[in-house]
Number of protein chains: 2
Amino acid sequence: MSKSTQREDHLKALYALGESQSSSWVSTTQMASHLGVKPPSVTAMVQVLAELGWAEHRPYHGARLTPTGRKLALSLVRKHRLWETFLVDRLGFGWEEVHDIAEQLEHVDSVALVERLDAYLGHPQTDPHGDPIPKADGTFHPEGEVLVLAELDPLVCCEVKAVREGSDATLSAMSAKGIALGSVLTPAQIEALPAAWLDQLMVCKTVDDGSID
Amino acid sequence: MSKSTQREDHLKALYALGESQSSSWVSTTQMASHLGVKPPSVTAMVQVLAELGWAEHRPYHGARLTPTGRKLALSLVRKHRLWETFLVDRLGFGWEEVHDIAEQLEHVDSVALVERLDAYLGHPQTDPHGDPIPKADGTFHPEGEVLVLAELDPLVCCEVKAVREGSDATLSAMSAKGIALGSVLTPAQIEALPAAWLDQLMVCKTVDDGSID
DNA sequence: CATGATTTTTAGATGCGCCTAAAAATGGTG
DNA sequence: CACCATTTTTAGGCGCATCTAAAAATCATG
């Protein structure tokens with residue numbers, strides 16, 4: 001598929017891991033466990049990405065995307081999230097079923113396809129997990145004030161805005177408990193959730209309108 | 001992508017070439033030119049397909065699909081044609097633009113995806129080129145009485161039912177001359193067509209209803 | 001600040017799909 | 001029916017992405 005599914009996968013891993021931590025430098029071991037390969041394989045691939053001008057490699061310290069590499073990674077994220085949106089909104093898949101399929105679809109190489117798909121879906125701003133969809137030029141729509149549920153200090157009512165990387169099983173379990181994008185959670189409900197979910201659920205506080213009047 | 005895009009491509013070539021001629025035995029040279037590789041590469045791949053039980057290989061004589069191989073090939077054809085239908089009917093591509101994209105999409109491995117796509121498209125029976133779409137069980141809807149335009153002996157009015165493997169440029173040119181599925185051609189129009197097209201256009205005779213009344 | 005534990009890279013091998021060149025089989029023709 | 005042209009397969013290599021094992025660099029700790 002096009003230039004190489006593997007290169008694209010390494011590029012995406014570099015992007016995803018760089019975003020999820022303070023420094024954009026990512027270790028080869030991190031990438032290896034994320035991609036399910038061994039560290040030496042990552043080293044080799046990172047060196048290829050460096051030759052292509054898509055990443056920098058500081059031996060023994062890690063790798064980081066170049067601006068070019070970042071653009072490419074964003075276009076992959078864009079494709080992935082547009083396909084997920086298609087699978088859920090149009091084909092009726094559950095949000096826990098679409099990741100692996102989108103993983104394959106995102107490697108299809110056709111600019112026209114992505115742009116037509118985007119238009120067909122009505123230029124969606126977020127995917128079925130609530131994550132923002134990068135635009136064709138690599139910019140995002142602002143994400144609003146969301147925070148990880150684990151960091152909600154005084155437990156207050158909040159609305160689920162997005163779910164970060166969860167296994168299919170986790171996503172199914174959430175669905176089963178009635179958690180979806182837009183769900184409102186009360187402090188009591190939050191305390192009853194499995195601890196692991198607190199790091200995955202992104203929420204924003206809702207105003208308690210004292211609805212018992 | 002799944003088991004191997006290359007194996008799938010060889011399987012499809014074996015199917016397509018076997019169908020297009022009297023004998024289902026296909027030479028490695030034929031496959032090689034169809035796939036754009038050299039004959040020794042095909043020999044090697046055919047031997048792999050034989051080990052998988054997808055094809056028989058009679059050395060120095062050719063290869064042929066087994067029933068299992070044929071089923072797999074039909075499921076690829078099914079996916080290809082469903083995606084082409086999606087691209088044209090839903091995304092608004094022209095029929096000459098979709099082959100290469102569908103070629104990539106058909107290798108995406110997900111039974112659920114194909115079946116949902118089929119339902120979403122309304123279980124179409126033919127693709128945008130007029131070719132029948134195999135059903136999930138590998139059967140076809142009957143194709144009706146179509147014949148190659150080149151064999152239309154007394155030139156009479158006919159309706160375009162399908163277009164066989166044409167280059168994108170050919171398909172564009174046909175569109176430009178107003179030829180689409182369902183177009184009705186008069187003997188005068190047929191005589192004006194480029195000779196090469198006569199082998200690609202599949203038509204059925206139409207009743208001249210003597211509409212000048 | 002030196003030494004041991006850990007991380008990372010290099011070295012060398014494997015499988016896959018492709019290639020070219022050479023050998024083997026087939027098939028047509030005198 | 002033997003020979004030559006053609007087709008097909010075998011032999012041997014190459015590039016890519018991966019692996020394991022060994023070497024090198026970094027880091028953490030006494």
Side-chain angles (χ1 to χ4, degrees), chain A residues 1-14 17-18 21-65 69 72-73 76 103-104 106-107 109, chain B residues 1-14 17-18 21-65 69 72-73 76 103-104 106-107 109:
Chain A
M1 205 131 286
S2 69
K3 295 306 147 39
S4 161
T5 299
Q6 279 63 37
R7 286 176 194 180
E8 292 186 349
D9 284 343
H10 281 75
L11 207 60
K12 256 202 353 169
L14 206 38
L17 295 170
Q21 59 190 21
S22 47
S23 161
S24 59
W25 289 99
V26 177
S27 79
T28 50
T29 306
Q30 263 185 300
M31 289 181 67
S33 84
H34 187 264
L35 291 164
V37 299
K38 302 293 176 182
S41 309
V42 173
T43 301
M45 187 56 82
V46 159
Q47 290 168 343
V48 170
L49 297 184
E51 277 166 28
L52 291 166
W54 297 353
E56 297 176 69
H57 182 214
R58 275 187 58 202
Y60 292 101
H61 286 87
R64 180 169 72 167
L65 290 177
L72 289 170
L76 289 169
E103 201 72 28
Q104 297 181 63
E106 78 190 2
H107 294 295
D109 182 34
Chain B
M1 206 131 282
S2 69
K3 294 306 150 38
S4 161
T5 300
Q6 279 63 36
R7 287 176 194 180
E8 292 186 349
D9 284 343
H10 282 75
L11 206 60
K12 258 203 350 171
L14 205 38
L17 294 170
Q21 61 191 20
S22 48
S23 163
S24 59
W25 288 99
V26 176
S27 78
T28 50
T29 306
Q30 262 186 299
M31 290 181 66
S33 85
H34 187 263
L35 290 163
V37 299
K38 301 294 176 179
S41 309
V42 173
T43 301
M45 186 58 80
V46 158
Q47 289 168 344
V48 170
L49 297 184
E51 278 166 28
L52 291 166
W54 297 353
E56 296 175 70
H57 183 214
R58 274 188 59 202
Y60 294 101
H61 285 88
R64 179 169 74 166
L65 290 177
L72 289 170
L76 290 168
E103 200 73 29
Q104 297 182 62
E106 79 190 2
H107 295 295
D109 182 34

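Protein chains get the first letters and strands the later ones, always in sequence-line order, with residue 1 at the start of each. The structure presented is a predicted model; accordingly, all values stated were derived computationally and were not measured.
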Donor-acceptor check, side chain of A/H61 to backbone of A/P59, threshold 3.5 angstrom: yes or no? yes
Steps toward side-chain contact (heavy atoms from CB on, under 4.5 Å) verdict (A/L76, A/L72): CA-CA 6 Å; A/L76 289 169; A/L72 289 170; 5.7 Å; no
Worked verdict on A/M45 versus A/M31 for side-chain contact (heavy atoms from CB on, under 4.5 Å): CA-CA 11 Å; A/M45 187 56 82; A/M31 289 181 67; over 6 Å; no
Just the rounded figure in Å: distance from [atom2] of [N] to [atom1] of [X].
{"X": "A/Q6", "N": "D/dC19", "atom1": "CD", "atom2": "C1'", "value": "14 Å"}
{"X": "B/D9", "N": "C/dC16", "atom1": "CG", "atom2": "C1'", "value": "15 Å"}
{"X": "A/W25", "N": "D/dT26", "atom1": "CH2", "atom2": "C1'", "value": "16 Å"}
{"X": "A/M31", "N": "D/dT18", "atom1": "CE", "atom2": "C1'", "value": "15 Å"}
{"X": "A/M45", "N": "D/dG15", "atom1": "CE", "atom2": "P", "value": "16 Å"}
{"X": "B/E8", "N": "C/dC16", "atom1": "CD", "atom2": "P", "value": "16 Å"}

Go through the steps for A/D9 and A/E106 under the test side-chain contact (heavy atoms from CB on, under 4.5 Å), then give the verdict. CA-CA 10 Å; A/D9 284 343; A/E106 78 190 2; 4.3 Å; yes
Just how large is the angle between the end axes of the helix from C/dC1-D/dG30 to C/dG30-D/dC1, five pairs per end, to 10 degrees? 10°
Within the structure, does a side-chain N or O atom of A/S4 lie under 4.0 Å from either OP1 or OP2 of D/dA17? yes
Start with the C-alpha gap between B/H34 and B/K12, add the side-chain angles, then the distance that decides, and say whether side-chain contact (heavy atoms from CB on, under 4.5 Å) holds. CA-CA 10 Å; B/H34 187 263; B/K12 258 203 350 171; over 6 Å; no
Scanning both residues in full, the closest heavy-atom pair of A/G18 with A/V26 reads N-CG2, 3.6 Å
How close do A/G62 and A/H57 get, heavy atom to heavy atom, and via which atoms? O-CD2, 3.4 Å
Does any pair with a residue in residues 21-31 of chain B pass side chain to side chain donor-acceptor pair (under 3.5 Å), and if so which ones, sequence neighbours excluded? B/Q21-B/Q30
What string of B, S and - do you get for nucleotides 5-13 of chain C, 5' to 3', when a contact is any protein heavy atom under 4.0 Å? ---BBB---
